[in-house]
4 protein chains.
Amino acid sequence: MAGNKYEEIAAAAIQLFEQKGYHATSVQDIADAVGLQKGSLYHYIASKEELLLKITHQAISGFVRRLEEIIDTDLPVEERFRQGIRTHMQYITQYLSMSTVLLREAFSLGEPHNEVIRDLTDRYLNLWTQIIDEGVAAGVFYVKDSRIAALTILGSCNWVYRWFKEEGKYTAEEIADQMADLFLNGLKKGRT
Amino acid sequence: MAGNKYEEIAAAAIQLFEQKGYHATSVQDIADAVGLQKGSLYHYIASKEELLLKITHQAISGFVRRLEEIIDTDLPVEERFRQGIRTHMQYITQYLSMSTVLLREAFSLGEPHNEVIRDLTDRYLNLWTQIIDEGVAAGVFYVKDSRIAALTILGSCNWVYRWFKEEGKYTAEEIADQMADLFLNGLKKGRT
Amino acid sequence: MAGNKYEEIAAAAIQLFEQKGYHATSVQDIADAVGLQKGSLYHYIASKEELLLKITHQAISGFVRRLEEIIDTDLPVEERFRQGIRTHMQYITQYLSMSTVLLREAFSLGEPHNEVIRDLTDRYLNLWTQIIDEGVAAGVFYVKDSRIAALTILGSCNWVYRWFKEEGKYTAEEIADQMADLFLNGLKKGRT
Amino acid sequence: MAGNKYEEIAAAAIQLFEQKGYHATSVQDIADAVGLQKGSLYHYIASKEELLLKITHQAISGFVRRLEEIIDTDLPVEERFRQGIRTHMQYITQYLSMSTVLLREAFSLGEPHNEVIRDLTDRYLNLWTQIIDEGVAAGVFYVKDSRIAALTILGSCNWVYRWFKEEGKYTAEEIADQMADLFLNGLKKGRT
DNA sequence: CATGAATGAGTGTTCATTCAT
DNA sequence: AATGAATGAACACTCATTCAT
């Protein structure tokens, strides 16, 4: 029951942070959105920043958890790579507001709040690097530096929050497949 | 020269916006950085937001202009593509602070300031789409949707502002080449 | 026993008021200290201020009662004076936290709460004035104005809350004797 | 000119802190008293607490400076003692509001602001201890512990802020003399 | 050109108190 | 008796902007 109200607050904050940005959203805005007095919010949150932390933490955790599950699979690397992209796309588009808050507003987290997010973000990058490394070890991927490759791929996959529209031409899956095709093809041995 | 002082202010603002973020930077901070009183700043800028607009406008214009020059070249598509990536990387890393402000803080621009930036950003995307389309027309690129491909590539290239370090393992050129290799290889006909 | 819980609350409040001050102590702090919810406190106290009133009332009453007992004694004035100082010192040091709250925080009591304390404080001053007057009448004390003398002595005796340390060089009794010596000597006829 | 406005603010704050107490006085109250907007106050003060610090610092400095001047005199100890009390009384009564703020509200200073005040307060006590020590060395005072004696005397002299009334029966000088008589008499060798 | 005093709306946060359960 | 959600007013403080000098 108590958690319920917090969820409501977090949901409202996600919407507001996404639409107006973290700084442009006042605690008053959030309170209005959930029909509470400004002061009453503080029964559920410690501070505005801690609320942002919890939201971004939930978001990045979702990415990490899903990718870890895929990695633990015994699918061939290539397939794990494609699944990773698909899942990333599904998640980022399904929770587009939350992901936007993560990718755009986490920067506003000050010390020491930002650490947790930075660590999990690093972890996510490392998971991708690991997949690429495995592909290289298996002789199916050819890259100069797997970390650069991972950053390149992650950039594409994250940037999505900036342009994806629910009502757009393609579904998340279709986009994921186009991306995966592009990257898988690119990762395999070039003909030159 | 009057412009001189404005440049100083803009330079200071770029540094501050990059380090602390637009919202966390006060007009006082900027004034301090250039050794002026807060009030005196307003002889050079109309408002804090207009300052941000000018900075981001300069940044995105730089990207656009450079890519247009490359496109006007009569190099083969493949080469223009590679040059586009290289130039993007050179520019984004050479003007890393300014690019960061563009890519991270332009969102804080309200109506109607944001329009100019949005338009130029769209234009930059269209230029990339155009290159890919030419590649497809020339039979050297194979993509399902050139706009999606352009967004994918742009995501990678822009994301760079988040992780590039001057003192890192690779130079901007080396990273650009790794990216170009990956994308060029990916854009060409897959063997599957 | 209901009173039991109130005593617990008062004891906690005394500690907190002494350490942090009345204003800097929140009702939450007190609730935490006694392991109750903030709201539950209000079964035992009417308000934070009323709690302060009760504490200070208890404190000043203790001073008054003890001095009245000494006055009712048939000891010689000089001895009653010395006993008064000793008892004041014993009481103030034994209940140092409570005395501190009385002497430092009673000022925060608003109308009409402050009246009771003011009245009892006046009464305590009057008791001291009375002792001195008796000494003068008995020809053993020589003072220009007994009220000023009483205020002077009380100032010394109360100030103790600001510097007395349990683990200090002297016991409360030793300090009391030094003070009593100084004052008794001073109150007797000067040689000039 | 600038200092002028600050003086105005400090004067208003002293009055308000004395009448209502530091905590019960809002920044708004002070702003109202000087006819400024709340925010405008912050051109002159860094914070409410820093304002309190400055006030209390000025107050305690006044006490210290005056006593140091007396000590540097070549008057006989007894006379310096009497002058010290007189000056303390003159100062505390002339600047009664400010002294009240010092003696009653300095406690509200948190770390690290309180240190300065604590140090100066200690210094003032040491000056008094020094005078008594000199008296003892000169053979005119007889005390067991000069620090206890100093604390006793200071208690009386400071307590004055609690009861002195401008329109009272005695002037500051008369009270000072009564106190000085009592203490000087008490400090000299008792007949017992 | 530069100042710096002044504004006034706005910020996140605290807190004593109430009350339905 | 105890909870804990909710209040609502108050709080110290910030800030972009203006403007008379």
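Per chain, numbering begins at 1; letters A, B, ... match sequence-line order. Everything numeric in this text was worked out from a predicted model, so none of it was measured.
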- prompt: What is the distance, rounded to the nearest whole Å, between atom CD1 of Ile9(D) and atom P of dA12(F)?
  reply: 15 Å
message: Under the side-chain hydrogen bond (donor to acceptor under 3.5 Å, both in side chains) definition, can you give me all pairs with a residue in residues 100-111 of chain B, not counting sequence neighbours?
response: none
message: Tell me if the aromatic rings of Tyr124(D) and Phe63(D) count as close, with their centers under 6.0 Å from one another.
response: yes
Neighbours of DNA chain F within residues 46-53 of chain D, by heavy-atom distance under 4.0 Å: Ser47(D), Lys48(D)
Candidates dA12(F), dT3(E), dG12(E) - which lies nearest the side chain of Ser26(A): dG12(E)
- line: From OH of Tyr44(B) across to P of dT17(F) the rounded distance in Å is 18 Å
- request: Apply side chain to side chain donor-acceptor pair (under 3.5 Å) to Glu49(D) and list each qualifying residue two or more places apart in sequence or on a separate chain.
  value: His113(D)
query: Do Lys48(A) and Tyr22(A) meet the cation-pi criteria used here (NZ or CZ under 6.0 Å from the six-membered ring centre, within 45° of the axis)?
result: yes
query: Taking atom C1' of dC15(E) as reference, at what distance in whole Å does atom NE2 of His23(C) sit?
result: 12 Å
field: Contacts of type side chain to side chain contact (heavy atoms under 4.5 Å, CB included), residue Ala33(B), not counting sequence neighbours
entry: Ala12(B), Leu16(B)
- prompt: Residues in side chain to side chain donor-acceptor pair (under 3.5 Å) with Ser26(C), at least two apart?
  reply: Asp29(C)
Residue-level proximity of residues 100-115 of chain B to DNA chain E when a heavy atom falls under 4.0 Å: none
message: In this structure, how many angstroms lie between the P atom of dG4(F) and the OH atom of Tyr6(A), rounded?
response: 19 Å
- prompt: Counting N and O atoms only, with roles assigned by atom type, does the side chain of Lys54(B) sit under 3.5 Å from a partner on the main chain of Ala10(B), one being a donor and the other an acceptor?
  reply: no
query: Does Lys38(A) have any salt bridge (charged side-chain N to carboxylate O under 4.0 Å, His left out) partners at least two apart in sequence or in another chain, and if so, which?
result: none
message: I'd like to check the side chain to side chain contact (heavy atoms under 4.5 Å, CB included) partners of Ala59(B); sequence neighbours left out, ordered by chain and number.
response: Met98(B), Leu102(B)
field: Pairing residues for Tyr95(B) by the ring pair (Phe, Tyr, Trp, His ring centres under 6.0 Å) criterion, not counting sequence neighbours
entry: Tyr91(B)
field: Separation of Thr25(D) OG1 from Leu52(D) CG (nearest 0.5 Å)
entry: 10.0 Å
- request: State the dot-bracket string of DNA chain E. Criteria: Watson-Crick or G-U wobble, both atom distances under 3.5 angstrom; notation: ( ) intrastrand, [ ] crossing earlier pairs, | interstrand, . unpaired.
  value: .||||||||||||||||||||
Set of ring pair (Phe, Tyr, Trp, His ring centres under 6.0 Å) partners for His23(C), sequence neighbours left out: His23(D)
pair Ile55(A)-Phe17(A): side-chain heavy atoms closer than 4.5 Å: yes
message: With the threshold set at under 4.0 Å for non-hydrogen atoms, list the residues of residues 27-42 of chain D touching DNA chain F in residue-number order.
response: Val27(D), Lys38(D), Gly39(D), Tyr42(D)
Given DNA chain E, 5'-ward residue of the pair His43(C) and Ile45(A), judged by closest heavy atom: Ile45(A)
